[in-house]
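Structure, as structure tokens:
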Number of protein chains: 2
Amino acid sequence: MSVKVQQALPLRNVTINDGFWTKLQNLVIDVVIPFQNEILEDRVPGAEKSHAIQNFRIAAGDAEGEFHGMVFQDSDVAKWLEAVAYALSVRPDPELEKKADEVIDIIGRAQQPDGYLNTYFIVKEPDRKWQNLHECHELYCAGHMIEAAVAYYEATGKDNLLNIMRKNADLICQRFGHGKTQGIPGHQEIEMALMRLYHTTGEESYKQTAQYFLDERGKTPSYFAEEIKRRGWHHWGNKEHPEYGQNHLPVREQTQAVGHAVRAVYMYAGMAAVAAETNDAGLIKACNTLWDNIVNKRMYITGGIGSTVHGEAFTVDYDLPNDTIYAETCASIAMVFFARYMLELEPKGAYADNMELQLYNGALSGMQLDGKRFFYVNPLEVVPGIAGVVPDQRHVKPTRPEWFFCACCPPNVSRLITSLGQYAWGENDKGVYSHLYLGGSANCETAGMHITCESNYPWCGDISYTINPKTAGLERFFATRIPAWCSKWALTINGNPAQYELKDGYAYISRKWEAGDIVVLSLSIEPKRIYANTRIRANAGCVALMRGPVVYCIEETDNGHDLSALRLPRESAITTTQKDIDAISGVVVLEAEGARVESCENLYSQAPPQCKPATLRAVPYFLWGNRESGGMRVWIRE
Amino acid sequence: MSVKVQQALPLRNVTINDGFWTKLQNLVIDVVIPFQNEILEDRVPGAEKSHAIQNFRIAAGDAEGEFHGMVFQDSDVAKWLEAVAYALSVRPDPELEKKADEVIDIIGRAQQPDGYLNTYFIVKEPDRKWQNLHECHELYCAGHMIEAAVAYYEATGKDNLLNIMRKNADLICQRFGHGKTQGIPGHQEIEMALMRLYHTTGEESYKQTAQYFLDERGKTPSYFAEEIKRRGWHHWGNKEHPEYGQNHLPVREQTQAVGHAVRAVYMYAGMAAVAAETNDAGLIKACNTLWDNIVNKRMYITGGIGSTVHGEAFTVDYDLPNDTIYAETCASIAMVFFARYMLELEPKGAYADNMELQLYNGALSGMQLDGKRFFYVNPLEVVPGIAGVVPDQRHVKPTRPEWFFCACCPPNVSRLITSLGQYAWGENDKGVYSHLYLGGSANCETAGMHITCESNYPWCGDISYTINPKTAGLERFFATRIPAWCSKWALTINGNPAQYELKDGYAYISRKWEAGDIVVLSLSIEPKRIYANTRIRANAGCVALMRGPVVYCIEETDNGHDLSALRLPRESAITTTQKDIDAISGVVVLEAEGARVESCENLYSQAPPQCKPATLRAVPYFLWGNRESGGMRVWIRE
């Protein structure tokens, strides 16, 4: 029994025509997706060998050769296909669709008669299938390909990949479950995927297996520990670290976000997705608790999560170093998924606020604005000569690298940006939610309303909705989010102050709607100083700047060397100017009169340091590293 | 040809009767040395097994069994014996001497007929001697035992251990050298040791071999790389990291302190010791450059060196994180050695200032004031629940552990504190230097002066010297250091202002001395605020407190939780009070009116944080962790 209070619209019902995101969607569609295809096909000179599509060809018997790449190399193809599907939803492209169909054909030929599909094991270790769920990611790869299949079906109406992956999912559901073979995924992802497949097909066993994987996790004795003992071989290591894989406690008893951040939050998203269909009070409570733990104790101001490279993991409450940080792009994307499912359970603005925070900051910073370079790690402080160099920061690259051997983040950004439409709106049979303020339109079939949105968000806070009900005088609510960061706003309807009820971060306007009704939300969107909890040691004495949902940073290219010597006094006024930076036009840049602390010559001095005036210029964090390389920091000395 | 400008006094010519150090020497002699003997003999319940003396018994054929411990386990016994020797110089103890003689007897029986002495190889891998200099530390262990032998000979006049180690050194000198077998030590130490043996015995080959090891280091092709190829087996790893072992460049071409900090600085000390006897301009220049690089770019305010646990190593200029720090106790001790040898080359106060900085801070902090617990790592910031817990700080213990499997630091502290006398004074045939202000006496035979010193340093800046020349009217200089931290001082002789020449941090009084002449140095020793170079990011916006050579810190036990929320305004007066803390009486505690920043509830807030008044209390850094456990920090927000 679904307990979703509202749900996302199918992508086909959303169009995006947005001053900010359309260009980025075009960049992904025109540059990133073709480039990623070239990468996957090993046609980019100098890039690390991917071999991901070739692995499928070999598995299909279309080519000779050896498997190459990570044990989860298949997922790169899956994420690319999923992004392609979303790209086709944004705008048709017969050539791209043909290319995708060709790849899908290969995938289909690579699949074994029983539905099994994983090129690593088909090609390299056919006798070891399903024996090493702990490390070998068969279920993770399946999950990503299932998501691609659902997306491709929804975008094109074609069931070619869907049929392949249903057969694969059926094999998984036949194998794993209560009373069947025991098992849980090493890297969670299959839970969300099976729930999407369930929504698309209505097949109960997919939902049941998703729930099984959650139920089974964290049991004693540990499935992984038993598997390791039983199998007697390993891929990377022969020891389980239960917290790393969120296998330390039954999921309903977990209260703190621990371990590998992407695995963790993919799992939490899966928990929320299952709970929305099963009304499982234990799961819902755990989701709420874990959400609170992240956003109130373990999250960077950019939305980034994962404080350490060791295990790419959460650490402990308030441990949020800016320079040795991990904050993987994929983890921010995972938070978008988690927020989306939480929002479906309970329409609280806080979830959409976080989704927005991730989109405009921790996720978007992952991609260079030429679409060809990507960050895994999204630091909040970079010092040239130290970041990427000293052992504790070797993982913190001061510029976006071209591509990675383990290439999870780039295709994940692609699929996020191309599928933005599914995060922007929500509906139920009583009305419509506007979670994000993306320009474009939403055809809300369940609510019976068609809505267009115009905005110049996030640079400007005026958002105009034109509402067309299916039938004149239809009584519905229209709820638009009022972000928690906004302390002043106005809401009008057809030019007059609107009557609304403010509840959990949404302003609900309930009325009988007529064609062409115009709702205008005016958010006061001023630069704001943000202060951190004193328990975040790295930010003590510092201030950060935000404007709307956008976190700012200071870069060396605008502010000179030695950014930790810059100070922004509390009383200094912050002014805004607009300029075009790369693909982004009208970027609001912040300026303020501050000071530069003059350094002593030696390491230490008794002489109190003096300051000289300095103009500080801050740019949106997601833009950093797009111009001259150099230092960057988000938290500025006050 | 020795180019020593002045040299340390033999320990037998120095007595220490000092308000600060005598208690600590007694602690080491009465508690630490006996306790360490119990450890070495495996008689401490709950302590990790040492087996170090038993290894010698097994090698000697006195006992059955297997070698146990690190490949350099022998050095624990060596450092203990060296500390025992110094203890016997401080005060005779027939029982302790008897115990030492028994251990020396065992060592003698363990030695092989050709002089070879290393229990790991004798007992465990007799066929692999001298094949793995890279990892297996035969030369390092020999070095420590040679130092013990020299110390024991000087303290007791007995040549039992000296003869054993001469035989061992002869074997080393016969084996290694130009035209003989090639080799360099994996962990430097033998260079300093051979120079000490040279000074004691006058045997030229010891000096030549010390120089050979330095000359050979950093050559291309790398000795270690060749050795690894040749031998085909390894102990820990089969790859050389040339910078880690300072083997990346010929030593005379090295300009930056890199790699394992203890190895590096032991080597630099050895370079200075060799240069003082050979007047090797290349070595002297390299020593000067490396010294400057450390003290001007890579040293913590406490004197600590080594910014990262990865390789226990230096990183890059200005990378001095307070919380992920290494700053090994042994590395501070190594700096004392380096400073001492540099001082002999050139009597510059900066060297003695640094020696003093290390003694009162980075080295002394290694030992709990009960003499039973020891820090390896000496952090400048500790947050409970994070230090020792999160991956990047797992090595940073918030309280001193009892003993370590790899037990280098505790016996190193013991030998340092018991041998303090050799750092306090210097002499040549024209006069005497007072480098430190330790109470006690110095019989300066070369200069022909006997000097007693009374002080209550470091708590008080008044130091009184009574000078007795060998013959009345003897014309000599008496030079007392004027520390760089001191901006105001006075110098009197027999109650009248003294005539002196200030040069390189020493005040030289040259005159004809009469028995009982009294020189009083009055250093103004006020609490001082210290500011860091702005390129040390971790200290931006912060101030540290020093008084004289003593660095202060704030501890949770005095200041409440969340120390990064405390602020010490620049204008706030700092007052002093005295109290007894453990073994240390009359500790000067600093107090100031400051403020505590009140935290927001959530992680981030738009509300500017407010402050409420708070009294800050700072205690000497070396004392931290001796009372209730909790947070600590040296750098306080201003």
Side-chain angles (χ1 to χ4, degrees), chain A residues 295-299 301 307-311 313 315-321 323-324 381 383 385-386 389-392 485 487 528-538 540-544 546 562-565 567 570 596-609 637-638, chain B residues 295-299 301 307-311 313 315-321 323-324 381 383 385-386 389-392 485 487 528-537 540-544 546 562-565 567 570 596-609 633 637-638:
Chain A
V295 302
N296 294 325
K297 307 277 176 66
R298 301 187 175 199
M299 188 184 77
I301 190 175
S307 297
T308 180
V309 64
H310 302 279
T315 57
V316 299
D317 291 349
Y318 303 108
D319 179 50
L320 293 161
D323 52 358
T324 57
E381 176 179 12
V383 177
I386 292 180
V389 175
V390 305
D392 280 342
W485 53 257
S487 47
K528 303 256 190 191
R529 285 175 162 82
I530 308 292
Y531 298 90
N533 190 298
T534 58
R535 295 181 66 182
I536 310 179
R537 298 157 297 131
C542 291
V543 59
M546 288 185 78
D562 206 0
L563 298 173
S564 62
R567 300 178 64 163
R570 198 172 286 187
R596 175 176 280 279
V597 179
E598 298 197 288
S599 186
C600 54
E601 187 74 17
N602 295 328
L603 276 184
Y604 308 105
S605 167
Q606 292 178 15
R637 306 231 67 79
E638 202 176 43
Chain B
V295 302
N296 293 326
K297 305 277 176 66
R298 301 189 176 199
M299 188 184 75
I301 190 174
S307 297
T308 179
V309 63
H310 302 279
T315 57
V316 298
D317 291 348
Y318 303 108
D319 180 49
L320 294 160
D323 52 357
T324 57
E381 177 180 12
V383 177
I386 291 179
V389 175
V390 305
D392 280 341
W485 53 256
S487 45
K528 303 257 189 190
R529 285 174 162 82
I530 308 292
Y531 298 90
N533 190 298
T534 58
R535 295 181 67 182
I536 312 179
R537 300 157 297 131
C542 290
V543 60
M546 288 185 76
D562 208 359
L563 297 172
S564 62
R567 299 178 64 162
R570 199 172 286 188
R596 176 177 279 279
V597 179
E598 299 197 287
S599 186
C600 55
E601 187 74 19
N602 296 329
L603 277 184
Y604 308 106
S605 168
Q606 292 178 13
R633 60 187 286 149
R637 306 231 66 79
E638 201 175 46

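If you're wondering where the values come from, they're calculated on a predicted model, not measured in any experiment. Naming convention: chains lettered A, B, ... in sequence-line order (proteins, then strands); numbering from 1 in each chain.
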Side chain, backbone, both or neither of A:Arg535 within contact of chain B (heavy atoms, under 4.5 Å):
both
Non-hydrogen atoms of chain B under 4.5 Å away: do they reach the side chain of A:Thr308, the backbone, both or neither?
side chain
Side chain / backbone / both / neither for A:Ala607 at chain B, heavy atoms under 4.5 Å
backbone
Kindly give the heavy-atom pair with the smallest separation between B:Pro609 and A:Arg570, and that separation in Å.
O-NH1, 3.1 Å
Examine whether an atom of A:Arg567 lies under 4.5 Å from a heavy atom of chain B, and if so say whether it belongs to the side chain, the backbone or both; otherwise answer neither.
neither
Taking side-chain contact (heavy atoms from CB on, under 4.5 Å) as the test, write out the residues that go with B:Asn602, two or more places apart.
A:Asn296
Report which part of A:Met299 has an atom under 4.5 Å of a heavy atom belonging to chain B: side chain, backbone, both, or neither.
both
Pair count under 4.5 Å, heavy atoms only, with chain A: among B:Tyr604, B:Trp485, B:Tyr318, highest is B:Tyr604
Of the backbone (N, CA, C, O) and the side chain (C-beta and beyond), which part of A:Val295 lies under 4.5 Å from a heavy atom of chain B, both, or neither?
backbone
With rounding to the nearest 0.5 Å, note down the distance linking CD1 in B:Ile536 to SG in A:Cys600.
7.5 Å
Can you tell me which portion of A:Ile301 sits under 4.5 Å from chain B's heavy atoms? Options are side chain, backbone, both or neither.
both
Taking salt bridge (Lys or Arg N to Asp or Glu O under 4.0 Å) as the test, write out the residues that go with A:Asp319, two or more places apart.
A:Arg537
Per-residue contact mode, A:Val597 against chain B (heavy atom under 4.5 angstrom):
both
Largest heavy-atom contact set with chain A, pairs under 4.5 Å, which of B:Thr315, B:Leu563, B:Asp317
B:Thr315
Pairwise distance CG(A:Leu320) to CD1(B:Ile386) - rounded to 0.5 angstrom:
8.5 Å
So what's closer than 4.5 Å to chain B heavy atoms on A:Glu601: side chain, backbone, both or neither?
backbone
Count the heavy-atom pairs under 4.5 Å between each of B:Ala565, B:Gly541, B:Ser564 and chain A, then report the option with the highest count.
B:Ser564
With a 4.5 Å cut-off on side-chain heavy atoms, are B:Arg637 and A:Cys542 touching?
no
